[in-house]
Amino acid sequence: MNDAARQQCINPDCNETYAIDEVRVACGKCGSLLDIRYDWDRLPSLKSLSYFEHRWSTKGRGTAGRLDFSGVWRFREMMPFYRTEDDIVTIGEGRTMLQQADLLARQVGMRAGNLLLQYEGLNPSGSFKDNGMTAAFSHARMVGAKRVACASTGNTSASLAMFASLAEMQGLVFIGTGKIALGKLSQALDYGALTLQIRGDFDACLRRIRQIAVEMPQLGIYLMNSVNPFRLEGQKSIMYRILEALDWNSPDWVIVPGGNLGNCSAFGKAFMELRDLGLIKKIPRLAVINASGANTLNEVYSRRGVRWNDGRWDQAAVGGLYAAMDEANHHAHTVASAIEISRPVNLPKALRALHVMNGVVREVDDEDILECRSLVARYGFGCEPASAATIAGLRKLLAEQVISPTDTVACILTGHELKDPNVTVKYHTGVDTKAIEDQAPRVEPTGRLANRPVQVEDDLKAIIAAIGADAAL
Ligand code: F0G
């Protein structure tokens, strides 16, 4: 067991700690989110981030070389929670690039050389989620998990399904009926996960999966959503790669789409740790971009002025907003289906990240998202709609003169453009291929490996029966 690492409640009035090999997604005492914390002074100390550069020449050879090949684990000294290197489940994730996007910079009014795109769609399952899944699966292997599950707007399910098949665990994914993009659904099926299409949206799916994984431990289901603090350890590596590409200098800004707010939370933690370890000179500013139809963070942070406040954030203000949403039967709605979420579970950690990185939050409408998605593809490599919220947010922040054309800005393009072909085709041709698909006659699949999704009502008993777990009750 690694006793220099622990799980710790983020509530400063609680601070309860748990061993690293416990399986938890919330503090048992106060219900707050958990962090993975390290006693850095009991671990080998790093003098400089340039230490990591030697791994480009050692990648691929032996066990350590397998880890050096990964864009997550080549920074393993920054996430030393695992017991031995054999625990680590990796497929060579995180080998992504930071592109200097001069043509796009000119289009949006940035100086050439100053707009950088971090293409996380280049991960093996096509989204940034692989950075987190490799870490959470390594923890799952460490604790002997056999069954893993998530609720998802699509990318988490694709990534979970891929790692579950690699790690020989049973993968279980809950998605909202009709809510996820075609590319993502096809991946979950292809990698062999049991895919439940629940009648409801992401928020409903997450509520159900938490009930099943957290409140019913007898079912033995390990939860892989970003409330799992190990996921966020892996996602810190996106920031290390940006620093590495800039010769260990920070950009002025990092811009990221906000959905369940795991990614921005991980970025804040990465910089908090690097600052405390004296490994960076400057912390970049953070801009989190919501879609207007899924704008909880913007509402909470920009309109209601809720701040981290040393961990004593205004829970009543957020509770009031959620009660008003329930009252109005409000559901998130945006073309950027990946971020169609109204109750982001990592909200407190996102507030902390905004504090650490002197952040701002904005929302952008669907029309801007679609135009920016198309602009990225026209001048670069392409991304899915949610990812393009970063460019739409950048345009807004340039217009407000919050960001200057001479700032160095890194936009995180979270998912590959082929994830959501329907949106792209509809944008260019006006033809709604998704509507056509919905009306197509249903036929039995005949392939020997066919793995059909299972339709289920948003009902606990029905869900447990569908996953074949009734016997464990
Ligand atoms: N971009 C893409 C492409 C995503 O898939 C997601 C989240 C986000 C941005 C937002 O990231 O949740 O860390 O704030 N997708 C999750 C999923 C919710 O289920 O695939 P976040």
Side-chain angles (χ1 to χ4, degrees), residues 96 118-123 125-133 136 149-162 173-176 179-181 183-185 187-188 193 195 198 201-206 209 223-229 231-232 234-236 238 254-269 286-291 294-298 332 334-347 349-350 353-354 361 364 369 373 376 382-393 411-420 423:
T96 61
Q118 178 68 18
Y119 278 106
E120 289 302 311
L122 293 176
N123 269 290
S125 83
S127 86
F128 75 96
K129 303 287 179 181
D130 295 350
N131 293 288
M133 282 299 166
C150 71
S152 180
T153 57
N155 281 322
T156 301
S157 57
S159 186
L160 175 143
M162 183 184 74
V173 307
F174 286 22
I175 55 180
K179 291 288 180 185
I180 81 170
K184 306 174 188 182
L185 174 62
Q187 286 180 288
T195 304
I198 312 265
D201 59 9
F202 172 81
D203 296 294
C205 288
L206 189 60
I209 202 106
L223 187 62
M224 283 289 177
N225 279 96
S226 56
V227 279
N228 178 330
R231 278 265 313 270
L232 304 195
Q235 288 171 216
K236 294 187 304 190
I238 301 171
V254 171
I255 309 186
V256 65
N260 223 2
L261 305 179
N263 225 11
C264 61
S265 297
F267 300 172
K269 185 169 189 280
L286 174 68
V288 185
I289 313 299
N290 274 165
N295 64 350
T296 300
L297 182 66
N298 194 38
T334 166
V335 69
S337 56
I339 52 175
E340 193 178 64
I341 294 172
S342 63
R343 288 176 180 249
V345 292
N346 287 298
L347 182 77
K349 287 186 177 176
L354 287 161
V361 182
V364 291
I369 289 175
R373 198 214 57 77
V376 172
C383 64
E384 68 169 282
S387 312
T390 55
I391 306 300
C411 292
I412 315 300
L413 300 187
T414 44
H416 199 287
E417 71 172 314
L418 296 177
K419 288 279 190 174
D420 199 345
V423 163

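Atoms within each ligand, like the ligands themselves, are counted from 1 in listed order.
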**Item:** Contact check, I341 vs ligand 1, heavy-atom distance below 4.0 Å
**Value:** yes
**Any side-chain heavy-atom pair of Q118 and T96 under 4.5 Å** = yes
**Asked** Which atoms of ligand 1 are found less than 4.0 Å from any heavy atom of I339?
**Response** 8 (C), 9 (C), 10 (C)
**Interatomic distance, I175 atom CD1 to C205 atom SG [nearest 0.5 angstrom]** = 7.5 Å
**Message:** So if I count the atoms of ligand 1 from 1 in the order they appear, which ones are less than 4.0 Å from some heavy atom of E384?
**Reply:** 3 (C)
**Request:** Check each atom of ligand 1 against the heavy atoms of N155 and keep those under 4.0 Å away; list them by number with element.
**Result:** 2 (C), 3 (C), 4 (C), 5 (O), 20 (O)
**Heavy atom of the protein closest to atom 11 (O) of ligand 1 (residue, atom name, distance)** = F128 CZ, 3.5 Å
**Asked** Considering only heavy atoms, which of H416, R231, K129 lies nearest to atom 7 (C) of ligand 1?
**Response** K129
**Request:** Please check if any side-chain donor atom of Q235 sits under 3.5 Å from a side-chain acceptor atom of K269, or the reverse.
**Result:** no
**Prompt:** Hey, are T414 and S387 close enough side-chain-wise for a donor-acceptor pair under 3.5 Å?
**Reply:** yes
**Prompt:** Which of the numbered atoms in ligand 1 are below 4.0 angstrom from a heavy atom of T156?
**Reply:** 16 (C), 17 (C), 19 (O), 20 (O)
**Asked** Closest non-hydrogen protein atom to atom 2 (C) of ligand 1, residue and atom name please, with distance?
**Response** T414 OG1, 3.3 Å
**Message:** Show me which atoms of ligand 1 lie under 4.0 Å from any heavy atom of G258.
**Reply:** 14 (O)
**G154 near ligand 1 by a heavy-atom separation under 4.0 Å** = yes
**Request:** Provide the closest heavy-atom pair for T296 versus I341 in the form atom of the first, atom of the second, distance.
**Result:** OG1-O, 4.5 Å
**Asked** Quick one: OG on S157 to CG on N225, what's the gap to the nearest 0.5 Å?
**Response** 10.0 Å
**Asked** If every non-hydrogen atom of V345 is compared with every non-hydrogen atom of S226, which pair is closest and at what distance?
**Response** CG2-OG, 4.5 Å
**Prompt:** Has ligand 1 got any nitrogen or oxygen that is less than 3.5 angstrom from a nitrogen or oxygen of C264?
**Reply:** no
**Complete:** Separation between OG (S342) and CG (L297), nearest 0.5 Å, reads 13.0 Å
**Message:** Minimum distance, heavy atoms only, to atom 12 (O) of ligand 1: which one of N263, N260, I175 is it?
**Reply:** N260
**Asked** How far is atom 18 (C) of ligand 1 from its nearest protein heavy atom, and which residue and atom is that?
**Response** T153 OG1, 3.5 Å
**Asked** Which pair of heavy atoms, one from P257 and one from I412, lies closest together, and at what distance?
**Response** CD-O, 3.8 Å
**Item:** Side-chain donor-acceptor pair present, S265, N346, cut-off under 3.5 Å
**Value:** no
**Prompt:** Atoms of ligand 1 less than 4.0 Å from G262 heavy atoms?
**Reply:** 13 (O), 14 (O), 21 (P)
**Message:** Please identify which of these residues, E384, K129, Q187, meets the side-chain hydrogen bond (donor to acceptor under 3.5 Å, both in side chains) condition with N155.
**Reply:** E384
**Request:** Around atom 4 (C) of ligand 1, find the nearest protein heavy atom and jot down its residue, atom name and distance.
**Result:** A338 CB, 3.5 Å
**Message:** With heavy-atom distances below 4.0 Å as the criterion, list the atoms of ligand 1 near S152.
**Reply:** 17 (C), 19 (O), 20 (O)
**Item:** Subset of ligand 1 atoms that lie under 4.0 Å from at least one heavy atom of G259
**Value:** 10 (C), 12 (O), 14 (O), 21 (P)
